Number of protein chains: 2
Amino acid sequence: MKYPSFDHFFMTLGNKQRVRMLQLLNVEGPQSVSDISRALNVEQSAVSHSLQHLLQCHFVTVKQDGKERIYSINEDTVAPLFGQIRKHVEKYCVAGCDHSWESDKEVTYGHKRQTA
Amino acid sequence: MKYPSFDHFFMTLGNKQRVRMLQLLNVEGPQSVSDISRALNVEQSAVSHSLQHLLQCHFVTVKQDGKERIYSINEDTVAPLFGQIRKHVEKYCVAGCDHSWESDKEVTYGHKRQTA
DNA sequence: ATTTCATATGACCATATTATCATATGTATA
DNA sequence: TATACATATGATAATATGGTCATATGAAAT
C-alpha cells in the first residue's frame, strides 16, 4: 500500500510501538535491533518490522556493524520535530486528552436510544 | 479506549481522512460539518465521527452558529506544527517515501522462500 | 563450507480502526 | 408544539494494521 507522503508520515507515527522506539533512540542513542528488542521487551521480528516502517519515512537510519545493524534517529528533522510536538501535547494533553473543548458552551447529546 | 497523550496525538493524525480535514480547515478556514462533508465528499456522520477525534486532541475547536457548528483549526499549535512537519516531508518524502535509506550500502534480502 | 549469531521477510491470525446505517439530539422557526 | 434542517451517536459490518511464527538471508568465524 502507498500513501501520499504526508499521510504516510502520520500513519507511521500512529503506533505506540514505533513511537516508543523513536523515543528510545532519541534518549539512549543508536541501538542495534537486539538492543531495542531487549529494551522494549518486544520480539525481534516485531522490532524489525517496525524499523522498516520508520526507515521508509526516514525517521531513522541504519548502518552495518559486523553482524549487527545499528539504528539511529534522524537528528536533522525528527528530533526538533518532537520538540514542537511536545509543545502541543504539554499544553493540550496534560492529563490525557479530555473533552473540555467546547468553545461556546457544553453541548452533550445524552442518549436514551431504544435498540429497536 | 485511552492512550497516553503522546500516543493519542499520533494515533489521531494517523488517518488520511482526518489529516485531510485539518488541511482543509488550515487552507480554507473555519467550516461547518456540512461544508466539510461537501468539500471532501464524505458522509456527514463520518465527518462528525472524525471531528470528535480531532476535538479530543484539541487539533480543532468548535463554536455554535445557529443550527450549524463551525470547526476551526487550532492556530496556536497545530498550524506551526504542520510547518515543521512539512520540512521533514519535503526533504525526505519528496516522491513518496522511497527505500534509499541505507547508510552504508544496499542490503536486500531477496527471497526465494518455498511455501511449504 | 559449515556453523552460529543477528536481522529481515512472508504468511497468517488476532485485533484495532474506519465506514455506514439508522436514529437521536440540538436549534430555529412557523 | 410541530416541523425541518444540522449534527452527533451507537451498533455493527467491512477493512486495515500489528504481532507471531517459521524461516530465509547476511556477516563473521571456525
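Within every chain, numbering begins at 1; the chains are lettered A, B, ... in the order of the sequence lines, protein sequences first and strands thereafter. Bear in mind that the values here come from a model prediction, so they are computed numbers and not experimental data.
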**Residues from residues 30-40 of chain A lying under 4.0 Å of DNA chain C - heavy atoms** =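 Under 4.0 Å from DNA chain C: A:S32, A:V33, A:S34.
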Rounding to a whole Å, what distance do you find between [X]:[atom1] and [N]:[atom2]?
X	N	atom1	atom2	result
A:L51	C:dT9	CG	P	11 Å
A:L55	C:dT7	CG	C1'	12 Å
A:E68	C:dC5	CD	C1'	9 Å
A:K16	C:dT15	NZ	P	15 Å
A:K67	C:dA8	NZ	P	15 Å
A:Q56	C:dA8	CD	C1'	13 Å
A:D65	D:dA28	CG	C1'	12 Å
A:L13	D:dT17	CG	P	14 Å

Is any side-chain heavy atom of [X] less than 4.5 Å from a side-chain heavy atom of [Y]?
X	Y	value
B:H49	B:Q52	no
B:I36	B:V42	no
B:L40	B:L24	yes
B:F82	B:Q23	yes
A:E43	A:S37	no

**Message:** Using the side chain to side chain contact (heavy atoms under 4.5 Å, CB included) definition, which of the options A:L25, A:L51, A:V19, A:L13 pairs with A:F59?
**Reply:**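 Testing A:F59 for a side chain to side chain contact (heavy atoms under 4.5 Å, CB included) against A:L25, A:L51, A:V19, A:L13 leaves exactly one candidate, A:L13.
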**Prompt:** Between B:R69 and C:dG26, does any side-chain N or O lie under 4.0 Å from OP1 or OP2?
**Reply:**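 For B:R69, the contact criterion (side-chain N or O under 4.0 Å from OP1 or OP2 of C:dG26) is not met.
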**Prompt:** Under 4.0 Å: is that the gap between some side-chain N or O of B:Y71 and OP1 or OP2 of D:dA8?
**Reply:**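 True: B:Y71 side-chain N/O within range (under 4.0 Å) of D:dA8 OP1/OP2.
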**Prompt:** Quick one: on DNA chain D, does A:Q44 or A:T12 contact a more 5' nucleotide (nearest heavy atom)?
**Reply:**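 Residue closer to the 5' terminus by nearest nucleotide: A:T12.
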**Request:** Apply side-chain contact (heavy atoms from CB on, under 4.5 Å) to A:Y71 and A:L54, showing your working.
**Result:** CA-CA 10 Å; A:Y71 285 83; A:L54 294 174; over 6 Å; no
**Item:** B:T12 to B:H53 - nearest heavy-atom pair and separation
**Value:**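 For B:T12 versus B:H53, the nearest heavy atoms are CG2-O, 3.7 Å.
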Atom pairs under 3.5 Å: protein N/O with N/O of nucleotides 18-20 of chain C:
unit_1 : atom_1 : unit_2 : atom_2 : d
C:dT18 : OP1    : B:N15  : ND2    : 2.8
C:dT18 : OP1    : B:R18  : NH1    : 3.4
C:dT18 : OP1    : B:R18  : NH2    : 2.9
C:dA19 : OP1    : B:Q17  : OE1    : 3.1
C:dT20 : O4     : B:H49  : NE2    : 3.3

**Request:** Considering only NZ, NE, NH1 and NH2 on the basic side and carboxylate oxygens on the acidic side, decide whether B:K91 and A:D76 come within less than 4.0 Å.
**Result:**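 A:D76 and B:K91: salt-bridged.
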**Asked** With distance as the sole criterion, do the side chain of A:Q64 and the base of D:dA27 form a donor-acceptor contact below 3.5 Å?
**Response**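 No, the side chain and the base share no sub-3.5 Å donor-acceptor pair.
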**Asked** Side-chain donor or acceptor of B:Q52 under 3.5 Å from a matching atom on the base of D:dA8?
**Response**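 Check fails, no donor-acceptor contact within cut-off.
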